[in-house]
Amino acid sequence: MSTPLEDLDARAQALMDDYRALIEVSVDQSSLPSWFATWSQLKMRVQTLWIEQIVGQYQRPGNEATDALHKRYTQHWLPELEKLDAVLNELANQIGLESVNPAVSALIASGPAPSPRMAELEQEFRRLTKQYQDVVSQHHVMFAGKMLTMSDAERILRESQDRNEREAVWKAVKAVEMASAAGLDDLFAKILSVRRAMAAEAGHANYASYSWLDRNDTIAGTEELLRTISEVFHPVDVSLHTHRAQALEVPTLRPWDLQVALVEPKSFDLPLDQYVPTAIQVLNSLDARFGEVVRQIQQYDGFDLAPRPGKPNGNICAHFMANGRSVLVCNFTGGVNLFRGFLHELGHAIHNHTISSNPDHVFWDFMNFWEVQEFYAFVFTYIGLLEFFELHNIAEDERIWYLRSTAERIMERFRDVEERTRLELWVYQQDKQPTPEEINAEFLRLVQTSGVDWSGFEDILKKGWQKPHTFRFAFYNVDFAIAMIAALQFVHAFNQDRNAALERLKSSMLLGATTGSKRIFAEAGIAYPFQKEQLVLARTVLAEWLR
């Protein structure tokens, strides 16, 4: 019997052989469609091996065998496979791929010319982000004589009504994070250096310009969107902070007051073991095809929902393109409030399964459209929660509580988006690589602290930019803002005409990434890029939730 490492090597070598065989194929217009389909299938097989390593890292962090597999694939096989894929990119430009798939052809043609140097930089970036994951996965908090995972500590910050306990846990969490801060400064400096080198290799003046290649808005348009978000949604933010301080009976909010649920209702209990059957019920009520996705994931044992020691914080939905299956690795402990997060990940799964159900889908249909992927996740979060209320005996005051909590999460995202996207736009347009001290200072200039007293914790506040997506996905936050604004507009349409809105949603989900976010949003009934009036419309949904 072969070992897991031998099995990985055999599968990767088979891919290498199939790539080389496809490169040697003599292609004419009659054989081009099958050649392109074979290439797409090869890329999906490469993605399968990659997703297996990602899921393994989340499910078995620190496991020696898992780490060996991840290292073997990312450092040995993936760079070699990418070199062969670059050869196929060149061939596709030469043999008239636009006659088979104009969108993919245009995508390949618009990308930077493949080079050994870019491949090296991409490999180095993966190595550095793996280092980041290794650091944060080891974070544990000692509190009251017990070693807590970060998920356990965050649960206390969400649930504890004892302000002294929250303060102590918050300080313990921040002590752990600050102990890693200097090392993460050094790591981010290396990541920043690699990104600057990527931009230069691709012929761009800076990494911001390089990152905006495939976006539907300009950098200036994004900066205007961020200013408009601040203007339109500021009254909502003030209202929520005022309500929170009153509910907690404190004169001024402190950092450890920001996450705690405001006396979460307990009359309706939703234990973790009921998440899957409840989601099936809710999604079936919206459309039977949505519920079927949950049943398929359950059938293939694709749910890993509970936290455990060493398990990385956060939630992911990993979709295997080759067979149309999803795996959800999460950190939920039960309750209606966290059920929203489950609905969010299921929104990703439903979207990806819908694309997979299209027999003509290709690998490129799944890639590089975060604002669209998150749009569907937020849509299912919001309409799923509304449908949950209709199906269960939830009192009106409790509905208001959960909707207010949801609005708080949205405003947290908007603040985070404005702060860190503006920071990243500054960082990635500098002529000279900024130092950690300069990044800290710029973040302090941008961070929004209105209504929250941070006195005595300025050193912690200035490191607020050290969050996962800063290291792993530059400008990821702006996609969240776009997605939430679009999702709130969809909720407005859903409330006006449920059936028509759902039909548009299902139609839009069949469109892949190469269609572009502008057309996908339009299919869902939403114009993009946004005008101020659309943000005002989105605000009306929040105003209704906060009545």
With a distance cut-off below 6.0 Å to the six-membered ring centre and an angular limit of 45° from the axis, does R166 pair with W170 as a cation-pi contact?
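Judged by the rule, R166 and W170 form no cation-pi pair.
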
side-chain contact (heavy atoms from CB on, under 4.5 Å) evaluation trace for Q259 with I156:
CA-CA 9 Å; Q259 291 177 258; I156 294 174; over 6 Å; no

Check: [X] ring centre within less than 6.0 Å of [Y] ring centre:
X: F380; Y: H344; answer: no
X: F339; Y: F332; answer: no
X: F268; Y: F388; answer: yes
X: F303; Y: F342; answer: yes

With sequence neighbours excluded, residues passing side chain to side chain contact (heavy atoms under 4.5 Å, CB included) with Q429:
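Expected list: N206, A208, I219, E223, L425.
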
R399: which residues meet the side chain to side chain contact (heavy atoms under 4.5 Å, CB included) condition with it, sequence neighbours left out?
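For R399, the residues satisfying side chain to side chain contact (heavy atoms under 4.5 Å, CB included) (neighbours in sequence not counted) are F389, E390, I394, E396.
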
Testing the basics here: between Q433 and L192, what is the closest heavy-atom pair and its distance to 0.1 Å?
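Heavy atoms of Q433 and L192 come nearest at CG-CD2, 3.5 Å.
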
Any idea which heavy atoms bring S180 and V135 closest together, and the distance?
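Residues S180 and V135, closest heavy atoms: OG-CG1, 4.0 Å.
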
With sequence neighbours excluded, residues passing side chain to side chain donor-acceptor pair (under 3.5 Å) with [X]:
X: T66; answer: R60, N63
X: Q448; answer: E418
X: N352; answer: none
X: K467; answer: D416

Option passing side-chain hydrogen bond (donor to acceptor under 3.5 Å, both in side chains) with Y476 (candidates E374, E424, E371)
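It is E374; the other options fail the test.
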
Counting C-beta onward and ignoring hydrogens, is there a side-chain heavy-atom pair between R127 and T74 closer than 4.5 Å?
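Contact flag for R127/T74 side chains = no.
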
Between F414 and V232, is there a side-chain heavy-atom distance shorter than 4.5 Å?
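Sidechains of F414 and V232: no contact.
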
If you count every heavy atom of other residues, nucleotides or ligands that lies below 6.0 Å from D301 atom CG, does the total exceed 12?
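For D301, atom CG is not crowded (no more than 12 foreign heavy atoms under 6.0 Å).
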
For the atom pair [atom1] ([X]) and [atom2] ([Y]), what is the distance rounded to the nearest 0.5 Å?
X: L49; Y: L8; atom1: CG; atom2: CG; answer: 6.0 Å
X: Q138; Y: Q133; atom1: CD; atom2: CD; answer: 10.0 Å
X: T333; Y: R158; atom1: OG1; atom2: CZ; answer: 5.5 Å
X: L343; Y: L338; atom1: CG; atom2: CG; answer: 11.5 Å

Table please: side-chain donor-acceptor pairs of residues 234-241 below 3.5 Å, with sequence neighbours left out.
residue: D237; atom: OD1; partner: R415; partner atom: NH1; Å: 2.2
residue: D237; atom: OD2; partner: R415; partner atom: NH1; Å: 3.3
residue: H241; atom: ND1; partner: S450; partner atom: O; Å: 3.4

Tell me every residue that passes ring-ring contact (aromatic ring centres under 6.0 Å, His included) with [X], counting only those two or more places apart in sequence or in another chain.
X: F188; answer: W465, F471
X: W545; answer: Y382
X: Y58; answer: none

Will you find, in the side chains of [X] and [Y], an N or O donor that is under 3.5 Å from an N or O acceptor?
X: Q489; Y: Q534; answer: yes
X: S405; Y: R340; answer: yes
X: T252; Y: D453; answer: no

What residue pairs, at least two apart or across chains, pass salt bridge (charged side-chain N to carboxylate O under 4.0 Å, His left out) with a residue in residues 433-444?
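For residues 433-444, and leaving out neighbouring residues, the salt bridge (charged side-chain N to carboxylate O under 4.0 Å, His left out) pairs sorted by first residue read E442-R445.
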
What ring pair (Phe, Tyr, Trp, His ring centres under 6.0 Å) pairs are there with at least one residue in residues 415-440, not counting sequence neighbours?
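Sorted pair list: Y207-Y428, Y428-F475.
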
